[in-house]
Structure formats: structure tokens, C-alpha cells
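Below, read A as the first sequence line, B as the second, and so on, with proteins coming before strands; counting in each chain starts at 1.
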2 protein chains.
Amino acid sequence: MQTEEEILKIKKVKNTAVRTVVLRHLLSQEKAQSLKDIENALAYTDRSSIFRTLKTFEENKVIHSIEDGSGMTKYAVCAKGCNCDPKDLHHHFYCTNCDKTFCLFDVPIPKIQLPENFKLQQANMVVKGLCDNCNK
Amino acid sequence: MQTEEEILKIKKVKNTAVRTVVLRHLLSQEKAQSLKDIENALAYTDRSSIFRTLKTFEENKVIHSIEDGSGMTKYAVCAKGCNCDPKDLHHHFYCTNCDKTFCLFDVPIPKIQLPENFKLQQANMVVKGLCDNCNK
DNA sequence: CTTTTACTGCAACTCGATTGCAAAGATTAC
DNA sequence: GTAATCTTTGCAATCGAGTTGCAGTAAAAG
Ligand SMILES: [Mn+2]
Ligand SMILES: [Mn+2]
Ligand SMILES: [Zn+2]
Ligand SMILES: [Zn+2]
């Protein structure tokens, strides 16, 4: 596992106090985090600073965002080597019972047969259901 | 193609003036419509009435919703015979240039290998890129 | 016809997301 | 070093999609 400093250096994002704690928090969590999740976890950091940090991270491929339909965008740290290209795309799982969203890094998206002349750039693939913990 | 009346009858949704025009509008459009899209198209129908109509339609499987990451939920009429079960799931395409979202009815979701003990209920699969018209 | 239930329009409100601005901090120029 | 410049941060205000309470209207039931 890389440290926050290493990741930011690789992705060419300047290291600041807010960026370090936001990235550290994201790395420490198993499930994807919303802006509010992060705000709640970091009591002394302003929401707008976290918001702008997330934008910066996303622009620089430090993290990727997930629209899981819960009304709040979730964020997760990109895997090592990820460049957010089509080849790096993977599915996400949203548990409709416990509200947990996370990356299925092991479930890459299969080749999708798009209509003639369409170009794939990105994807937001969210599978919904019950996680193992809630499916009992 | 079924008429609005036929669809509502099959799905056991009572026919009303607002429901008819909303469904007619959705049927007339190639791309999935947001609440605002419908509001703009139906000058004399109140937003909240359209909103509640969409909720009713979705609960009764007349339409399904698509979270395409644009900030507005889009809605599309379900295909004939669709029951919104996992077997009826399909991908959606969002054009990052012209902002058009639509169903890829011909691209069903392949079997996704979920982790042990996970249960699939629904899915929101949005592929993003350029549509044929914008990819020139 | 009267009562009950469902639908609609309007206004107000919620809440996640976003922005303007000034202060604080970091970097570069001299 | 100091001054000028650029970047980051916190605060408050704002935006906008979505949602709700309520009263009036329409439809269904009795
Ligand atoms: Mn992911
Ligand atoms: Mn669809
Ligand atoms: Zn769960
Ligand atoms: Zn397009």
C-alpha cells in the first residue's frame, strides 16, 4: 500500500494539509465515501475545502466518483496504476439495505457492444442488491 | 407500439389527464427525459404533478429511471413485457457532448460475478462517451 | 345526491452541490 | 532577505433538483 505522499507525488498533485487528511481518510475506508461522510469524519476541515480537494483529486485521477443513486456522489481511491481509462473501469456495488457502496475491482466491465460509431469514454456501472452481510 | 391507454391498463395505473400527457411525451422522445425536460415540454402541467406521476409510473413499472451522472434523473418507458427484473436490465448510454441519454435495449447486462453471498436486485449501468452524431 | 377517496396545483422547503470573496499560506521574483 | 504573485482554505451565501403540506378539484363509491 502506498502512502498519501507517494500517491500525490505520482499523480502530480501538490501535497497540502487538507489533501493529506482527505486522502488518508479515503484510504482508511472500505466503502466509498460521500462528501458528507468525509466532512463528518474530519471535524476541523471545511466542507468546501473537502469539496475542492475531491475535484482536484478526480481531475488528477487520484480518485474516481460513483453515482450510486443514493443522492450523494461517492468517492474511492483509484487502484495503483489506474488511469481511469476504459480498461480501468470496473463495476460498483450498492447495498440497498446498509447503504454501503464499494468498488468491485475484480469485476472489470466486459466488452460492451455499442451501436455503430459510438465511442466509449467512461462508465458508471452500479449493481444494486444485498451485500453478504445483509443477505442472511 | 402500444398507446398510452393500453400501457396504463396493462400496468394497472389509472388513467388521468396528467398521466396521459406525461406518458405520451415520454413515448414521443428518443432520449430519456428529466423532470425538467418534461416540465419544459408540458407548459401547463405543474412540476409536482409530473414528479408524482413519474413516481407512480416507476412504482408500477411503466418507466424506469436512469442515473447518468448529469445531476438529473432521467426516465424512459419500459419495453413491452419488461418487469424491471434483473433479466430486464440493460445498459444506458450518455453522450458527454450532446447530453443525450438513452436505453441500449439491445445490450442486456451480462452475468456479473458478484462476491460470495451477494444478491443482485437492480442495476444502473451507464456507459459514457460520444454518440454517433457527436463522434465525427 | 352525498360521502369518500384520488389527483392536481401552488407555495414552501430540504439538502447536496457549488461559488464569491477575503484571509492565510506557499512559491517565485528581485 | 523582502516584495510580488499564485494557491489553498474557511466562511457565508447561493443554486437547483427533488420533495412535501395543504387546500381545491375531480373521480369513484355508496
Ligand atoms: Mn471504483
Ligand atoms: Mn433503460
Ligand atoms: Zn449491506
Ligand atoms: Zn452526442
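Among the atoms of the strands shown, only primed sugar atoms or phosphate atoms (P, OP1, OP2) are found under 4.0 Å from some heavy atom of R19(B). Residue contacts shown for T45(A) are limited to sugar-phosphate atoms, with no base heavy atom under 4.0 Å away.
Taking atom CZ on R47(B) and atom C1' on dC7(C), their separation rounds to 18 Å, with Å as the unit. We find that NZ of K74(B) is positioned 11 Å from P of dA17(D), with the value rounded to whole Å. Spacing between atom CE of M72(B) and atom P of dA17(D) amounts to 5 Å, rounded to whole angstrom units. Remark: P of dT19(D) and CG of L54(B) are 11 Å apart, rounded to the nearest angstrom. What separates CD of E39(B) from P of dG16(D) is a distance of 13 Å, to the nearest Å. At whole-Å resolution of the value, CG in L35(B) and C1' in dT20(D) are 14 Å apart. Rounded to whole angstrom, the span from the CG atom of D46(B) across to the P atom of dA11(C) amounts to 9 Å. In this structure, N15(A) atom CG and dT8(D) atom P are separated by 11 Å, rounded to whole Å.
Checking the phosphate oxygens (OP1, OP2) of dA17(D), no side-chain nitrogen or oxygen of T73(B) falls inside 4.0 Å. Between K55(B) and dT19(D) there is a side-chain N or O to OP1 or OP2 distance below 4.0 Å. For dT9(D), the OP1/OP2 oxygens have a side-chain nitrogen or oxygen of T16(A) closer than 4.0 Å. Between S49(A) and dT8(D), a side-chain N or O to OP1/OP2 separation shorter than 4.0 Å is absent. Using a 4.0 Å cut-off, some side-chain N or O of K36(B) falls inside it from OP1 or OP2 of dA17(D).
Comparing dT19(C), dG18(D), dG9(C) by their nearest atom to the side chain of F51(A) picks out dT19(C).
For the atom pair K128(B) NZ and N124(A) CG, the distance stands at 5.0 Å (nearest 0.5 Å). To the nearest 0.5 Å, atoms CD (E5(B)) and CG (L8(B)) are separated by 7.0 Å.
Between M125(A) and L89(A) there is no side-chain heavy-atom pair separated by less than 4.5 Å. When side chains are defined from C-beta on, C131(A) does not count as touching N97(A), because their heavy atoms never get closer than 4.5 Å.
Test E58(B), H92(B), Q122(B) against H64(B) for side chain to side chain donor-acceptor pair (under 3.5 Å) and you get one pass: H92(B).
Side chain S48(B) to base dC10(C): a donor-acceptor pair is found below 3.5 Å. If you check distances only, the side chain of R52(B) does reach the base of dG21(D) with a donor-acceptor pair under 3.5 Å.
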